[in-house]
Amino acid sequence: MTADPFVLRRRPRTVRRAPWTLMYHSVGNPRDDPYLITVGPERLAAQLRWLNRHGLTGVSMRELLAARAAGRDRRLVGLTFDDGYADFLRHAVPALRQHGHTATLFVLPGRLGGSNEWDPDGPRKPLLDADGVREVVGAGLEIGSHGLLHRDLTSVDDTTLTTEVSESRALLADITGITPAGFCYPYGAIDPRAVEAVRRAGYVYGCAIAPGPLTSLLALPRTHVGDRDTASRLHAKRLLHDFRSRGLPEVAQADATVLAGGPPRSGAAGGLRSAPTLPRHHAGHHSDPPPPAGPDPLTDSPGGHP
């Protein structure tokens, strides 16, 4: 009888480097995007094939952190899409399905059915409405909160901060029937006050961009991915993430029972129901931490978008 390799492993460490997580936004025509955050459907498909060729599987943050807590995240990569653009259903969901990946979509429940009005120079792009958000959940993907209106949480007052973080969570729970486990900081802007607000609201994890010394389970780093990211650039970004992660704070494990839908940890705002997941053809991980603040020399984006 063959022994389970996971049983023979040492018990997983409770603190480790942050996992490698990719940050996408819109999937469509990148030509008129001054922020360089739009990825063409063909480029996205090529990037997902690159993951497959390297034995990596893109998964939602909830799946990634649950696997990480069990010590089974080897060769898994977090895939995240910010803002909740309508093109996610049209282009990203079919590509993810075709190539055997899942993802987390961070949406703005205060702007459902609207557009990206926070982008002063970019073309107006429609956002998913409530039915679209439910369709994403039905496709087996995770929904997280991106706040209510896409505000810089480091520049708002305490009342607005609480509303952006807590009310968005409650609205998404009403829409989907699943309490969001994750929060994504608009613009990647964080400070200790914003991170504490996310913790108080009961989120299990938070996604930033380059949190530096604030790196933690509630401020995870991510790697920007754009339309110019070919196979060689993705390979370089993977190596760069590995290198940068060595100088960052290690990240505690998530509570696997909460991610699986069990009772919340002390201070969490209610239990979490599990979202369905798509079947995957890989099982593993790739573990690393964050990029430093400031422009990334391997991207065409300054680290977030306006």
Side-chain angles (χ1 to χ4, degrees), residues 1-24 47-81 96-104 140-142 144 181-182 204-208 211 215-223 225 229 231 233-262 274-291:
M1 178 173 164
T2 303
D4 184 339
F6 295 114
V7 173
L8 298 178
R9 278 184 181 173
R10 288 180 298 175
R11 190 172 181 177
R13 293 174 57 194
T14 59
V15 179
R16 291 168 48 200
R17 294 181 190 172
W20 193 34
T21 301
L22 304 184
M23 176 182 67
Y24 288 90
Q47 291 164 346
L48 296 178
R49 288 194 298 270
W50 181 88
L51 291 176
N52 291 348
R53 287 198 306 273
H54 288 79
L56 301 172
T57 299
V59 295
S60 71
M61 294 305 296
R62 190 166 190 159
E63 292 174 280
L64 176 64
L65 295 173
R68 186 173 180 268
R72 301 189 180 191
D73 59 328
R74 189 172 178 276
R75 311 205 70 76
L76 295 185
V77 178
L79 294 184
T80 62
F81 292 76
L96 290 166
R97 269 213 173 121
Q98 179 181 353
H99 297 288
H101 304 282
T102 62
T104 297
L141 305 178
E142 180 188 16
V204 179
Y205 71 86
C207 283
T215 296
S216 69
L217 187 59
L218 292 174
L220 294 167
R222 295 182 296 164
T223 298
V225 181
D229 287 322
R233 288 172 63 90
L234 286 175
H235 181 68
K237 287 186 175 187
R238 183 183 179 191
L239 294 176
L240 186 61
H241 170 76
D242 255 335
F243 175 76
R244 288 173 167 171
S245 67
R246 297 170 192 168
L248 293 167
E250 293 192 319
V251 175
Q253 305 283 51
D255 187 329
T257 62
V258 176
L259 289 167
S274 302
T277 57
L278 292 172
R280 300 191 302 278
H281 56 277
H282 295 300
H285 131 108
H286 180 79
S287 178
D288 319 7

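Given the structure is predicted, the values throughout are model-derived calculations rather than measurements. FYI, side chains are in, hydrogens and waters are out, and symmetry mates aren't considered; it's all heavy atoms of this structure.
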Locate the shortest heavy-atom distance separating [X] from [Y]; write the atom from each residue and the value.
X      : Y      : result
Leu65  : Ala254 : CB-CB, 4.1 Å
Pro211 : Ala219 : CG-O, 3.2 Å
Gly58  : His101 : N-ND1, 2.8 Å
Thr104 : Arg62  : OG1-N, 4.4 Å
Arg68  : Pro19  : NE-CD, 3.9 Å
Arg222 : Ala208 : NE-O, 2.8 Å

Test item: [X] and [Y] side chains (from C-beta on) under 4.5 Å apart, heavy atoms:
X      : Y      : result
Leu96  : Leu141 : yes
Leu239 : His235 : yes
Glu142 : Glu63  : no
Thr223 : Leu240 : no
Gln47  : Leu22  : no

Sequence-distant partners of His54, ring pair (Phe, Tyr, Trp, His ring centres under 6.0 Å), two or more places apart: Trp50
task: Would you mind telling me which of Leu79, Val77, Leu220, Leu64 makes a side-chain contact (heavy atoms from CB on, under 4.5 Å) with Thr21?
output: Leu64
task: Dump the intermediate steps for side-chain contact (heavy atoms from CB on, under 4.5 Å) on His99 and Leu51, then the final yes or no.
output: CA-CA 9 Å; His99 297 288; Leu51 291 176; over 6 Å; no
- prompt: Could you give the distance from CD (Glu250) to CZ (Arg16), rounded to the nearest 0.5 Å?
  reply: 9.5 Å
- prompt: Could you state the interatomic distance from CG (Leu218) to OH (Tyr205), rounded to the nearest 0.5 Å?
  reply: 11.0 Å
